[in-house]
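Each ligand, and each atom within it, is numbered from 1 in the order the structure gives.
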Amino acid sequence: MADDLTTEATGLLQDLIRNACVNDGTVTSGEEVRNADLIAGYLGYGGFDVETFEPQPKRRSVLARIEGSDPTAPTLMLMGHTDVVPVNVDGWSRDPFAAELDDGMIWGRGAVDMLNLTSTMAVAFRHLVQSGFKPKGTLLYLAVADEEALGTWGAKYLVENELDHVHADYVVTESGGYQVPTQAGTRLPIMVEEKGTFWSNITVHGTPSHASQAYRTDNALVTAAEVVRRIAEYRPDARIGDTWRRYVEGLGLPVEMADPDRLDELIADLPLGLSRIAHSCTHTTMAPTVAHGGTKTNIIPDRVDLQVDVRTMPGQSGTAARELLIEAIGDDLMHKVEITSNDDPATASPIDTPLWDSLTRVTGRLCEGSALVPTIMTGGTDNRFFRRAGAVGYGFGLFSRRIRFEDYAKMFHGHDERVDEESLDLSTQLWLALAEDLLG
Ligand SMILES: [Zn+2]
């Protein structure tokens, strides 16, 4: 059985990759209708009913449901996105949209983010339908458009406008589940928390004058350079939450990693990748990313617009984030700047839940001697919309040992994205076992 399902998951993943639903953030990109129709056709085999939603032309999402027999039993949603981010072909050693299968490895954009899970969830769901699965709780499968550009035409739209269709008590989507070997056994990170975004625009003001007389001018570009320097050098205090503490414990990392007084010193000496992750999981981060300003070489500029990608910690309000930004810029420059921000706070789910217990049982069988370790997503996923609507939302899947964490992290939005068939098999088995265990 497993082999047949893996062949199906591989074929479906290849077709999803080849459809190249590339979301560049513009409203006309993505065209997820192609992947949505592929999935609707796959699930609708034999006359099974699926629903579709299309709030914008070609931005289609697909929902399928196995209704539970007990209205008081919980609803589990398996959710995958169908869009992918753009590629830079020059960095790839294979055609990113050919979905080549070589030595058990499928290559292509979306292979780990996250068409692999979108595919295996669909394969598990169809198998459950065909085998006459009659659970007490309801099982939903949702393939959404537009995850890669804030979920506007996908998860966000559906939660805001179609909640009676997509309501779920438990949601599983990306990302996690790579195997981390430790002395105590294999550890499987599971995302239970996502940082917030507090994207800010900083307008820096100056006074225009002739640039041939540069002495003692009020140059907005020079002020902006100082603002950028101060933000880049600002070091907010470490904030150690429960999730990070459990992560450090679970992976057997040095205890100092969970000590707010010693963490910063330790982080500075870690290998680059780990250093960035450890810092982001324990601090508010501020990255100046865009600057626009100046009009002409011989005019002292009177306005520069800066964009800063601020990422907030769980429990941190927009007001608190703004105060940090003001502290970074400094009182002496604040009279020259205006800050406007868009607050999308962090979200988190507890771990003392039936979904956690169920995943623990199921993964214990699939990866012997393994244990789940809660972790923090420094970026955002569609889980945030469902958590805010009351669901427990985790990011998870399963990967074989061929996909090491270092490679996994690099492949996200990177070059040479690829996944092996054994990972597809493990994930398919995971969804089947989870549905049985949680929904009964
Ligand atoms: Zn993704």
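Between R384 and T347, the side chains place no donor N or O within less than 3.5 Å of an acceptor N or O (distance only, hydrogens not considered). Side-chain atoms of E421 and T10 form a donor-acceptor pair, as typed in the model, at a separation below 3.5 Å. E32 and H81 are not linked by any side-chain donor-acceptor pair at a separation below 3.5 angstrom, with hydrogens and angles left out of the test. In this structure, a donor-acceptor pair under 3.5 Å is absent between the side chains of T289 and D309.
Within the 4.5 Å cutoff, side-chain heavy atoms of F386 are placed close to those of V166.
For the side chain to side chain contact (heavy atoms under 4.5 Å, CB included) with H165, the qualifying choice from L140, L158, L142, L63 is L63, the only one to do so.
Near the Zn ion (ligand 1), less than 2.8 Å away, sit the protein N, O or S atoms H81 NE2, D113 OD1, E174 OE1, E174 OE2.
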